[in-house]
Amino acid sequence: MSKTDVLIIGGGLIGCATALHLARAGASVRLVEAGDINAGASGQNAGSLHFQMERRFLENGAALADQAARIIALNRLAIDEWRGLEVDLGVDLHVSQKGGLMVAETPEQVALLEAKSRREISGGLATQLLDGDAARALCPALGPDVLAASYLADEGHADPRALTPAFAHAAAEAGAVISTRQHVLSITRRSPGGFDVAAKKGDEMETLQADQIFVAAGAWTPAVCALANLHIPLFPVALLMNATERTGPILPQLIQHVGRRLSMKQAYAGNVIIGGGWPSRLAQRPDGGFDLNARASIIPLSRSGNLRAAIDIVPQIGALNLIRSWTGVTTISADQLPIAGAVSRVPGFYVAAGGSAFTLGPTFARLIARVMGGERVEALDVLSPDRFNHLNSFMG
Amino acid sequence: MAEHFDLAIVGGGPAGQAAAIALQGLDLSIAVIDEQAQPGGQILRQPPAQFAVRLWLPGRAYDRLKAQTEHFGRLDRVSWLGRHTVIEIARDGAHFALLTENALGVRAITADRVLIAAGCQDLAVPLAGWTLPGVYTAGAIQAFVKSQQYVPGERIVLAGTHPLQLLIAAQIVAAGGTVAEVLFAQPISAMFRAVLTKPLVGLRGSGNMLAAAAALRILRRAGVPVSFGSALQRIEGESRVTHVILASGRRIACDTVGLNYGFVPQSLLPRMMGAKVRPAGAAGGFAAVHDEWMRSSLPGLYVAGETTGVAGAPASQAEGELAGVGIGLDAGWIDMAEAGRQTRRARSRHRHLQAFARLLDTVANPLPWFPVPEDDTIICRCEDVDYATLAAQSGGGSANAVKLITRCGMGPCQGRNCEPSLLRMLDDRGLTSDPGFTQRFPARPIPVSELADPG
Ligand SMILES: Cc1cc2nc3c(=O)[nH]c(=O)nc-3n(C[C@H](O)[C@H](O)[C@H](O)COP(=O)(O)OP(=O)(O)OC[C@H]3O[C@@H](n4cnc5c(N)ncnc54)[C@H](O)[C@@H]3O)c2cc1C
Ligand SMILES: Cc1cc2nc3c(=O)[nH]c(=O)nc-3n(C[C@H](O)[C@H](O)[C@H](O)COP(=O)(O)OP(=O)(O)OC[C@H]3O[C@@H](n4cnc5c(N)ncnc54)[C@H](O)[C@@H]3O)c2cc1C
């Protein structure tokens, strides 16, 4: 039987990074991952470091845009976090912060860019509005249809394949015990405090005792929280990604689109990675419901639409060979904001999932570790799971 | 609008052809799609029509296959889509949606049922020097010889564990080429022992045994040495192969090497679709799982030929026949009694051929004889990942996890060449029964513009 201060469930970016910060702060940490480290969304994502407001916050009206503004403060923390990450972890994460361009092709989209950038500037993000030619001067690969772009110098991309393993490695060096291919099957509250968790590896069951639990199980978070009789309103979503063959340097910046679903960047190896939130079809269980452990399938219209958007913005992409399309599953909360913090209904129970947690995950982890150490961290208030407390009034 | 067919067959080799022939006379539209320009599959790789060849595939073993190809060519209601590569098969409501690519672009096809008869490929075997110009799989050399009567090299060494290299050596000699030596890594006693444990099976497969014996005679007459217990250790040369070095230290001068350690099923399409597969055997790879009518684990999807395991062309033919009749049965075009009658002979042939294939697998078993790569030997050629890099990571988890960390298998070929090597490394560390790299769209690289919405 293992007994630690903290048990972390989930070996994605958030779990591994939090393990590092807790271990460095002196806590004894056990992390349990059902598959391999980085096998979930953290290893499948687009690797964008985007700090401009996401298109989805703008397209769903003023209420959401307001919330997004509150995220800007977190984004500013994240910018600093990323600037120091490679040094802190001592690993080449292929971080490239050579700027990001969010492009517009129509006058309506330009107006949207203007509104967005006003909001960002008042929140302290140094977004610049550029006309089409100025944008093309920065990124000559942009096509003639680009009318304008908002530019943020801090944006860029990094290597999702490197980041989470680097956190896991550093966490283990700092004393965290990490086990893979071990599934958490039950969570029992002890009195007066703490938890007994049953986890299975191969045919062996292990009981893990901990004072605190941190659920960082990505799209599986609601299922893991259900083991503790808690509702967490997160919903799985499957997204499409595409990669071209390697090519010479054509795109120094991260490219996004304010009015269409598009994110594009050239990874360090030379492949152009194309995504932007196009839906894929989640696998279904025969008995109903989504099967998160089976691969989501590609929706052909998403693929052709995503690639069209890419070519419209950077025409030379059309001539490159596509070598891979893949689907990855992540999760979105009922109000679109990530969920991160203490579930006050169950003392000692913490959770973090949802949102763009490649960009923000390292920051969430640093802050959550402080919360778990007993600090009050105001920056996380906006993400508190307690905003959904009503769902758990009859649970816990 | 996509063109619709009752049945789409991927692969016009012995298996795909046999399936189409089994359904002849029924009022069905069938598309047979193949990357090759002409029907025939691997074994009958036909020379281009304008190419005059004197000596085209001698040997009785091929006669029946040639006859089948001619028969196939006479079928009406079969649309031959040559030079079309299938890059995706996906379930789309009640039917399947296929995307194919050819020189003119992407073509969408729908079909009520799909048969995948995509054959097999040579196992790629990494060892020091294998990326030098002049190193091929033996099958690739054979393909040159068969389809163009062209021998790629002046002095060829064939090395491996598979008896097929005797036939390939004989074909090279017949085409006027020079084979310096044929090297079997295993001792001859190991091969005999395997045959002696199953003498009856060996006898039933005597056609193949005779072919091998005939090949040996040709080689002896041409003065080509065939040696056993001669394991290859390195291939050397500066800008091209100049010689090979055996484990014994012996050195053989040559400018071309053909490696022949066995074959692995083409499993990308069934795996991409999520059909159930099993480890294919000692040479590695995955074979599509099927029932007695060649139904895969997915409704409406059938598999036949070497996609289901490597057992030789006649076994592929038999499986194709079973699949064709099985499809007719499921669609209600053929009733059960008729289906049973029609396939009695194919079924019993198939049983014997499978038994012989298992025997051949034992004789040719490469597992104890794989050359040991050196630290800087490239394993994944698309992404330049070497042995030491993989060795440092392959304790860490699944093939997919190693891929994420090292990029092994991340290139255009989706790990077709490096996957078996990596899985052997995982296996050595007790990480057995790994499902391999997730196989994704597209089956072959394709220009972005061809997939984009026309706008
Ligand atoms: C296609 C795609 C593109 C994306 N692009 C971007 C982007 O460009 N920028 C950005 O910022 N974000 C992006 N995201 C989002 C980002 O990837 C995720 O927000 C982030 O990786 C979440 O990390 P995580 O640690 O919460 O979850 P995951 O990485 O999913 O980790 C959760 C882990 O929990 C484990 N687990 C589940 N159940 C159990 C159990 N019972 N016991 C033990 N372990 C369990 C799982 O096996 C998994 O490894 C993208 C996501 C996808 C899918
Ligand atoms: C290189 C090589 C050499 C061989 N030499 C011999 C030999 O000399 N003697 C012998 O007995 N056996 C040989 N074999 C084994 C031989 O392939 C089989 O015995 C026989 O041809 C198998 O028949 P099949 O119908 O199962 O597959 P195949 O004959 O391989 O037919 C499969 C067909 O599918 C097509 N195909 C595959 N994927 C796609 C796709 N995505 N889109 C479109 N088309 C596709 C291929 O082009 C091929 O024509 C060899 C195999 C290989 C790989």
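Given the structure is predicted, the values throughout are model-derived calculations rather than measurements. So that the names make sense, note that chain A is the first sequence line, chain B the second, and so on, each numbered from 1.
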Please lay out, stage by stage, how B:R440 and A:I298 fare under the test side chain to side chain contact (heavy atoms under 4.5 Å, CB included).
-> CA-CA 10 Å; B:R440 309 266 191 189; A:I298 292 176; over 6 Å; no
Report the option among B:E383, B:R91, B:E450, B:R444 that has the most heavy-atom pairs separated by less than 4.5 Å from atoms of chain A.
-> B:E383
Look at B:S449, B:P454, B:C382, B:A90 and state which one has the largest set of heavy-atom pairs under 4.5 Å with chain A.
->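 If we count pairs closer than 4.5 Å to chain A, B:S449 comes out on top.
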Applying a strict 4.5 Å limit to non-hydrogen atoms, the region of A:T327 in contact with chain B is both
A:N271 portion near chain B, given a 4.5 angstrom heavy-atom threshold |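 Looking at A:N271, just its side chain touches chain B.
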Over 12 foreign heavy atoms within 6.0 Å of [atom1], [X]:
{"X": "A:H94", "atom1": "NE2", "value": "yes"}
{"X": "A:E204", "atom1": "CD", "value": "no"}
{"X": "B:K276", "atom1": "NZ", "value": "no"}
{"X": "A:D287", "atom1": "CG", "value": "yes"}

Distance from [X] atom [atom1] to [Y] atom [atom2], nearest 0.5 Å?
{"X": "B:D92", "Y": "A:I299", "atom1": "CG", "atom2": "CD1", "result": "11.0 Å"}
{"X": "A:R161", "Y": "B:I405", "atom1": "CZ", "atom2": "CD1", "result": "9.0 Å"}
{"X": "B:F441", "Y": "A:I323", "atom1": "CZ", "atom2": "CD1", "result": "12.5 Å"}
{"X": "B:L404", "Y": "A:D159", "atom1": "CG", "atom2": "CG", "result": "9.0 Å"}

Of the listed residues (A:A310, A:G43, A:G318), which shares the most heavy-atom pairs with chain B below a 4.5 Å separation?
-> A:G318
Do [X] and [Y] come within less than 4.5 Å of each other through their side chains, counting heavy atoms only?
{"X": "B:T438", "Y": "A:R295", "value": "yes"}
{"X": "A:R324", "Y": "B:P412", "value": "no"}
{"X": "B:P445", "Y": "A:L322", "value": "no"}

Does any heavy atom of chain A fall under 4.5 Å from the side chain of B:L99, the backbone, both, or neither of them?
-> side chain
Per-residue contact mode, B:E88 against chain A (heavy atom under 4.5 angstrom) =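 B:E88 touches chain A through side-chain heavy atoms alone.
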So, B:D453 side chain and A:R308 main chain: donor-acceptor pair closer than 3.5 Å or not?
-> no
Where is the tightest heavy-atom contact between B:S398 and A:D36, given as atom of each residue plus distance?
-> OG-OD2, 2.7 Å
Decide yes or no on side chain to side chain contact (heavy atoms under 4.5 Å, CB included) for A:T244 and B:V448, but give the supporting numbers first.
-> CA-CA 8 Å; A:T244 71; B:V448 170; 4.0 Å; yes
